[in-house]
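Here the structure is laid out as structure tokens; the discussion comes afterwards.
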Number of protein chains: 2
Amino acid sequence: MASTASQNIATPCAKCPLRELPVFGGRLIDVNVIQAFKIGELTVAPGGTILLEQARASHLFTVLSGWAFRYKTLEDGRRQIINYALPGDFLGLQSSMSETLGHGIEALTDSVLCVFPRDKLWTFFASDTQLAYDVTWLAANQERSLDEQILSLGRRTAIERIAYLLWYLFDKARGLGMTKRNQLDMPMRQSHLADTLGLSLVHTNKTLQRLRKERSIELDDRTLRIINEDALKKLARVDDVENATRPLI
Amino acid sequence: MASTASQNIATPCAKCPLRELPVFGGRLIDVNVIQAFKIGELTVAPGGTILLEQARASHLFTVLSGWAFRYKTLEDGRRQIINYALPGDFLGLQSSMSETLGHGIEALTDSVLCVFPRDKLWTFFASDTQLAYDVTWLAANQERSLDEQILSLGRRTAIERIAYLLWYLFDKARGLGMTKRNQLDMPMRQSHLADTLGLSLVHTNKTLQRLRKERSIELDDRTLRIINEDALKKLARVDDVENATRPLI
DNA sequence: CGTTCCCTTGAGACCGCTCAAAGACCGTGG
DNA sequence: CCACGGTCTTTGAGCGGTCTCAAGGGAACG
């Protein structure tokens, strides 16, 4: 069905809509290099598995459209969402180059991913320094956002964590042009938020309501509206990060 | 003093003691390449700052000897330790290649670090594919251990977190030959552990005692003894990771 | 021998948890 | 069109894990 159809209408890198975006401005790799690296596209439906937690990863992905998330689980079922992937995010590298994965990746919406062969990475590293550099840049930068997530989980209170997460996601989506005014379509359920924040579902719900009552956000079914961005940032104690452009693989 | 003296006795890469270790076996970069990349050594005393939280990082480091840790702080002083660096660990890349740092690095013991110029990284990427590949490998692998830390903070209980952290550190040190039997010299104080685990100092102390009472560990002044490794791993729900060799820059 | 740093202990408060159940919304089928 | 089941959100009640505050004890060091 959807996934089969999309194989035939694969987006050529030259027509990649992401390349137009300012966030990726000025540091784009030669289209032909990327195109040569790319072996196909993967289409996944909401709730679909992109990478199994125990699997050995043989591919690398760039999200072309849609939302996904990376997670780990404990034997007894406790799940922790590590981060969310939006268009332009590069996935699969984390699995320490060729060992088993250790984390799963699941789609939240209908998603399309560009697929690259892991075992060709070496070849492309050798032939294109820019690509090597960019992959490293992306890996290093993802670490940065994990650092922030660790700070959140370790030292922020429930309401601060939520404020940070919502602001972070909104800001990231804004850079990708996915927002309208102060409004963002967020596909995850409260249980996803809870599993991201290290909180229980019930407490997440109650804390969300506190944020609504103080008019910092609105959050109906699946759309987030930021009513008071400054209040949110202050609460989350966001240290303004210069939003530099980033590479796109 | 110490730091001046050490400039004169810099370890040539050819005599790097780390290269002997099995953990780094079989995937070592040509000594001459590393040696050309290395511009000096940095010696730091316990409590000394390796990288300031607000600074712009211009160097990359490999820990040659000693313990250090990476941390972030919130304005009001709450500190979160992100991870610990032991010999062979590569530092400074996280600062998303040339932006401001966002985290600090501090030495726990007398430490010696090999220093590399960040702005030459590109040059070496271009001239040595293996080095580029290894740097990326290290970045990806560090992400892996941050994933685990996120799982801990988000979903493990206090006692599980401690069990995991102690086992993780012990296992890592064991790979480096820093343990004697079941015993490890751990330079951090309980306040460091608390700031790593996202717990208060008091609760860390009380939980530590529970682990001692059930004879899983001993922890006197600064030495950790693992009495019952299996119990620890079971409590922490460690999924046995194949301990592959890793690159050394 | 006083100061300082660290570890330990106790007491009480609060944040976030679990359990349980009631709305709300939606698609499906009778 | 309504009944029904499913998924998700919301509420309430009570428990407990972790926190803060406060103080005491031990070891190292000048």
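Letters A, B, ... are given to chains in the order of the sequence lines, protein chains preceding strands, and every chain is numbered from 1.
Side-chain atoms of A:Val202 lie closest to C:dA20 of the nucleotides D:dC8, C:dA20, C:dC7. Out of D:dT18, C:dT9, C:dC7, the shortest distance to the side chain of B:His203 is found at D:dT18. Ranking C:dC17, C:dT9, C:dC19 by closeness to the A:Leu199 side chain, first place goes to C:dC17.
Atom CG in B:Leu193 sits roughly 13 Å away from atom P in C:dC6 (whole-Å rounding). When rounded to the nearest whole Å, the span between CE of B:Met186 and P of C:dC7 equals 10 Å. The distance from atom CG of B:Leu201 to atom C1' of C:dC6 is 9 Å, rounded to the nearest whole Å. Here D:dT7 presents its P atom at 14 Å from CZ of A:Arg222, a figure rounded to the nearest Å. The nearest whole Å value for the distance from the CG atom in A:Asp220 to the C1' atom in D:dC8 is 14 Å. One atom, CD of B:Gln190, and another, C1' of D:dG25, lie 14 Å apart when rounded to the nearest Å. Rounded to a whole Å, the CD atom of A:Gln209 is 13 Å from the P atom of C:dA24. Rounded to a whole Å, the CG atom of B:Leu208 is 7 Å from the P atom of C:dT8.
Here A:Arg212 lies in heavy-atom contact (under 4.0 Å) with sugar-phosphate atoms only.
Aromatic ring orientation, B:Tyr84 versus B:Trp67: perpendicular (interplanar angle above 60°, classes split at 30° and 60°). Classified by interplanar angle (parallel below 30°, tilted 30° to 60°, perpendicular above 60°), the ring pair B:Tyr164/B:Tyr168 is parallel.
Distance check: A:Ile105 CD1 to A:Ser111 OG gives 11.0 Å after rounding to the nearest 0.5 Å.
Using a 4.0 Å cut-off between charged nitrogen and carboxylate oxygen, B:Asp230 and B:Lys233 do not count as a salt-bridge pair. By the 4.0 Å N-to-carboxylate-O rule, B:Asp220 lies too far from B:Arg212 to be salt-bridged with it. Using a cutoff of 4.0 Å between basic side-chain nitrogens and carboxylate oxygens, B:Glu148 and B:Arg156 are scored as salt-bridged.
A donor-acceptor pair is defined here as one N or O able to donate and one able to accept, closer than 3.5 Å; no such pair exists between the side chain of A:Arg222 and the backbone of A:Asp185. A:Gln142 places a side-chain N or O within 3.5 Å of a backbone atom of A:Phe90 that can act as its donor or acceptor partner. At distances below 3.5 Å, not a single donor-acceptor pair connects side-chain atoms of B:Thr49 with backbone N or O atoms of B:Leu52.
Scanning residues 74-82 of chain A for heavy-atom distances under 4.0 Å to DNA chain C yields an empty list. Remark: nothing in residues 152-163 of chain B comes within less than 4.0 Å of DNA chain C through any heavy atom.
Dashed line: the shortest gap from a side-chain N or O of A:Asn205 to OP1 or OP2 of D:dT10 is under 4.0 Å.
Applying the 3.5 Å distance criterion, the base of D:dG17 shares no donor-acceptor pair with the side chain of B:Lys206.
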